[in-house]
Each structure stands twice: as structure tokens, then as C-alpha cells.
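First the proteins, then the strands, lettered A, B, ... as listed; each starts at 1.
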Number of protein chains: 2
Amino acid sequence: MFSKACEYGIKASIFIAFNSYEGKRVSLKAIAKEINSPEAFTAKILQDLVKNDVINSVKGAYGGFEIEKLNISKIKLSKIVNALDGDAIYSGCGLGLHKCDENHPCPVHDKFKSIREELKSMLENTNLEELALDVKSGISFLKV
Amino acid sequence: MFSKACEYGIKASIFIAFNSYEGKRVSLKAIAKEINSPEAFTAKILQDLVKNDVINSVKGAYGGFEIEKLNISKIKLSKIVNALDGDAIYSGCGLGLHKCDENHPCPVHDKFKSIREELKSMLENTNLEELALDVKSGISFLKV
DNA sequence: TATAAATAGGATAATTTTATCCGAATAAAA
DNA sequence: TTTTATTCGGATAAAATTATCCTATTTATA
Ligand code: FES
Ligand code: FES
């Protein structure tokens, strides 16, 4: 469904989010350990997220990654997915036609329509805050 | 969403299906042309589909691919997707945890649940016949 | 029986995705 | 000012996916 990069990116963002709530900045090392991802690859993904204004980075000793508290509830999953995987998953044609077009639909267009719309609206209506709170309270998990 | 192999496989199966309805066997060349896919790669995919009993092949002159008429309505999209991509798309964890587990859910588990179930039931309840008939009647398209 | 038209399948290549390595830049603290 | 802990970014490398090529095998027909 999502690329590995996107999976790591979502998990990393959640981990950064709930630490930022407590005013804690987290390092690449801590993130990779927490979400069980390869460190160097995760670094690249975090750089992408910084460029796309999902997270902020602070260089140097005692640096790391963080998200402005006020923004945590404003960042939607769709922003992360879009930054890392683009919008093909909910905008492109499910069978790889040049584009998804009502007037020139592929055989599964109608069947997929509602699923893709549900996916899109879920991604656009889910914010980092709710996901982070669930992890913090032990309702959901980032690894294993 | 699906791999290229799976996209080609679904489209090829639909094309074979509606030709089989008319008692026509189709060649690799004809399939690749009709669904706009690379011929040799498509050949590999068709071999997989033959091994998984989705389609039948006939070697030699005047050979090609076909599906038993009586089976066309029995073959579900899920069978094709499973043969080519496995079941990760609707059974695996959306964030790549080892497995999707109610008792150890990832942060998006609940959000994804209904989408993945809808996807699964759609794939399990859509058969080749309906898809093939739509293409045949010009309601949907296999390329461009 | 020879020929031609197909699929089967092994080997290989190209591309994309995933992953690693290392030096440069930055900034806090000693 | 030096050391240390970081992110940044370029260059590779490894693995997976996508794609191609070539030969063997099969089978209908001339
Ligand atoms: S045309 Fe294929 S999903 Fe819309
Ligand atoms: S645990 Fe991740 S989708 Fe169920």
C-alpha cells in the first residue's frame, strides 16, 4: 500500500509528535531505534519531511527533530503520504491507465472509487495528534 | 496499490476472458498489444497465472491463452491479486508491522480497518465476467 | 515429415526502491 | 577554542521489481 519510506515516515512523525508534546527533541538514532528502521535510510526520509514542512530539524549538539506543538494537530496523514509517495495511491488509476478519468474508466474504476475516496478522506482527516496520543497511552504501537 | 505485474495480470485476464466468451483463444502478442504492456514481461505474468489456475495455455501453432467459459464468472479479482502480489495489501499491516494484529495494533490500524475490509470484500466479490462484459460493451477500457 | 507459430523457461539487463557510508556543516558545551 | 553530538547531502551499494533476449519445446498444418 505505502512504500517503506512512507511507512517509516509516518511512524517517525508520530514518534516525533508525541515527544514534541513534552518539549522533547528526538535524535535520528532515537527515532530509528523506536520505530525499528534502518538509521541512514530514515535520515533521508526525515530530510524529505523537513523539506516538506512536516517536521523541523535542529543541527548540532543537542539537536534533533521536533514539531511545533501548535502544528501537531494540523498535520494530516495525507501531507506525509503526499510528501513521500505522492498522490497516486488515491488519485491515480488503480490499473495504471495514464490517469483516472470518469469518462475513460478502467474496468475497476467504479469498484475502486468508494474505496479510494474513503482512503483519501481518511488520510485527509487523520492528524498526527490523535495517532500520537494513542501511542503514548499504549493503545497502539510503533514496532514489532 | 498493485504492482505493475498485478495491473498487467488483471487487464490480461479480462481480455482473455471476453475473448474466451466468443470461443477465441488469444496470443501473448495480441494481449500485450491490447493492454499496452511489454510483451516478454507479460509472458512471465501469464505463466504465473497459468500456474495459479487463473488461465489456461495451449502451446504450439494456433495456441494461446483462454479461460473455460464456465469459470469466467467464478474467477475473482482476489485470486489474481493473490497470485501476483500476495495478500499483504488487505491482510498485512498498513505500517509494516510484522503482522496486523487487533491486540497489538499500529497507529493506523483502526483507521485502515474498514478500508482494507472493503477492499478485500470488493476483490473477493468481483468476478472476471462482469469486468469483461463492461470492456466488451465499451463501458470501460484496458488502455490509454 | 518439415515448417511455422506458439508458449515455457532460464539468463541477463535496466530501473526503482531500499539501504549504507562518509565527509561537511552546525551548534552546544567543556 | 576545542571537542562532541548532531543533521545535511553526495556517492555508492544492495535488493526488489520491471523488462528483455534467446533457446527449447510443443503442436497444427502444409
Ligand atoms: S480509471 Fe482506473 S481507477 Fe479510475
Ligand atoms: S496492525 Fe497495522 S494495520 Fe493492523
Side-chain angles (χ1 to χ4, degrees), chain A residues 1-13 15-16 19-20 24-33 35-67 81 83-86 88-89 92 95-96, chain B residues 1-13 15-16 19-20 24-33 35-67 81 83-86 88-89 92 95-96:
Chain A
M1 195 125 190
F2 298 129
S3 68
K4 276 289 165 196
C6 194
E7 288 178 6
Y8 297 149
I10 292 171
K11 290 191 271 193
S13 298
F15 180 63
I16 296 167
N19 275 281
S20 292
K24 287 185 207 156
R25 202 177 272 163
V26 284
S27 70
L28 165 64
K29 197 172 289 188
I31 295 168
K33 191 176 176 188
I35 71 175
N36 196 28
S37 66
E39 208 174 300
F41 186 40
T42 305
K44 300 297 186 194
I45 296 162
L46 293 174
Q47 279 178 41
D48 270 357
L49 292 177
V50 169
K51 275 179 205 144
N52 282 275
D53 296 311
V54 174
I55 61 180
N56 295 120
S57 70
V58 178
K59 289 187 203 175
Y62 287 71
F65 299 88
E66 62 192 13
I67 303 176
V81 173
L84 300 171
D85 279 357
I89 196 172
L95 290 189
Chain B
M1 194 126 193
F2 299 128
S3 68
K4 276 290 165 194
C6 195
E7 289 178 5
Y8 296 150
I10 291 171
K11 290 191 271 192
S13 298
F15 180 63
I16 296 167
N19 275 280
S20 292
K24 288 186 207 156
R25 202 177 272 161
V26 285
S27 69
L28 165 64
K29 197 172 289 186
I31 295 167
K33 190 177 177 188
I35 71 176
N36 197 27
S37 66
E39 209 174 300
F41 186 40
T42 306
K44 300 297 186 195
I45 296 162
L46 293 173
Q47 279 177 43
D48 270 356
L49 292 177
V50 168
K51 273 179 206 145
N52 283 276
D53 296 311
V54 174
I55 61 180
N56 296 120
S57 70
V58 179
K59 289 188 201 172
Y62 288 71
F65 299 89
E66 62 192 13
I67 303 176
V81 172
L84 300 171
D85 279 357
I89 196 172
L95 289 189

**Asked** Looking at five pairs on each end of the helix from C:dT1-D:dA30 to C:dA30-D:dT1, what is the angle between the two axes, given to 10 degrees?
**Response**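 Both end axes considered, the difference amounts to 10°.
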What distance separates [X] [atom1] from [Y] [atom2], expressed to the nearest 0.5 Å?
| X | Y | atom1 | atom2 | result |
| --- | --- | --- | --- | --- |
| B:K4 | B:S37 | NZ | OG | 10.0 Å |
| B:F65 | B:S27 | CZ | OG | 8.5 Å |
| A:I35 | A:T42 | CD1 | OG1 | 5.0 Å |

**Asked** Which atoms form the tightest heavy-atom contact between B:E7 and A:G96, and what is the distance?
**Response**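 Of all heavy-atom pairs spanning B:E7 and A:G96, the closest is OE1-CA, 3.3 Å.
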**For the student: nearest non-hydrogen atoms of A:F41 and A:A5, plus distance** =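 In terms of heavy atoms, the two residues are closest at CZ-CB, 4.0 Å.
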**Start and end of chain A contact along DNA chain D [non-hydrogen atoms, under 4.0 Å]** =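 Endpoints of the contacted stretch of DNA chain D: D:dA5 to D:dA11.
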May I have the list of side-chain donor-acceptor pairs in residues 45-59 of chain A shorter than 3.5 Å, sequence neighbours left out?
{"residue": "A:N52", "atom": "ND2", "partner": "A:D48", "partner atom": "O", "Å": "2.8"}

**Prompt:** Just by distance, do the side chain of A:D85 and the backbone of A:V81 share a donor-acceptor pair under 3.5 Å?
**Reply:**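 The answer is no, because no donor-acceptor pair under 3.5 Å joins these two groups.
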**Prompt:** Are the side chain of B:R25 and the backbone of B:Y62 linked by a donor-acceptor contact shorter than 3.5 Å?
**Reply:**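 Looks like yes, one N/O pair under 3.5 Å.
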**Prompt:** How many Å lie between NZ on B:K4 and C1' on C:dT16, as a whole number?
**Reply:**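 Atom NZ in B:K4 sits about 13 Å away from atom C1' in C:dT16.
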**Item:** A:Y8 or A:K59, whichever maps to the more 5' nucleotide of DNA chain C
**Value:**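 Result of the comparison: A:Y8.
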**Asked** Testing B:S3, B:S13, B:P38 for side-chain contact (heavy atoms from CB on, under 4.5 Å) with B:Y8, which one passes?
**Response**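 Testing each of B:S3, B:S13, B:P38 against B:Y8, the sole residue satisfying side-chain contact (heavy atoms from CB on, under 4.5 Å) is B:P38.
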**Message:** Among residues 39-53 of chain B, which ones have heavy-atom contacts with DNA chain C below 4.0 Å?
**Reply:**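 Residues of residues 39-53 of chain B that come under 4.0 Å of DNA chain C are, in numerical order, B:K44, B:Q47.
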**Message:** Could you work out, with side chain to side chain contact (heavy atoms under 4.5 Å, CB included) as the rule, every residue matching A:N36, not counting sequence neighbours?
**Reply:**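 Here the qualifying residues are A:K143.
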**Message:** For DNA chain D, which residues of residues 24-32 of chain B approach it to below 4.0 angstrom with any heavy atom?
**Reply:**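 Per residue number, the list is empty: none.
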**Verdict with reasoning, B:E39 to B:L28, per side-chain contact (heavy atoms from CB on, under 4.5 Å)** = CA-CA 7 Å; B:E39 209 174 300; B:L28 165 64; 3.8 Å; yes
**Message:** Run the side-chain contact (heavy atoms from CB on, under 4.5 Å) test on B:K11 and A:L95 for me, step by step, so that the C-alpha distance in whole Å, both residues' side-chain angles and the decisive distance to 0.1 Å come before the verdict.
**Reply:** CA-CA 8 Å; B:K11 290 191 271 192; A:L95 290 189; 4.0 Å; yes
**Message:** Do B:M1 and B:I89 have side chains that approach each other closer than 4.5 Å (heavy atoms only, starting at C-beta)?
**Reply:**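 Side-chain contact under 4.5 Å: yes.
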**Item:** Which residue lies more 5' along DNA chain D, comparing B:C6 with A:G64 via nearest heavy atoms
**Value:**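 Closer to the 5' end of DNA chain D: A:G64.
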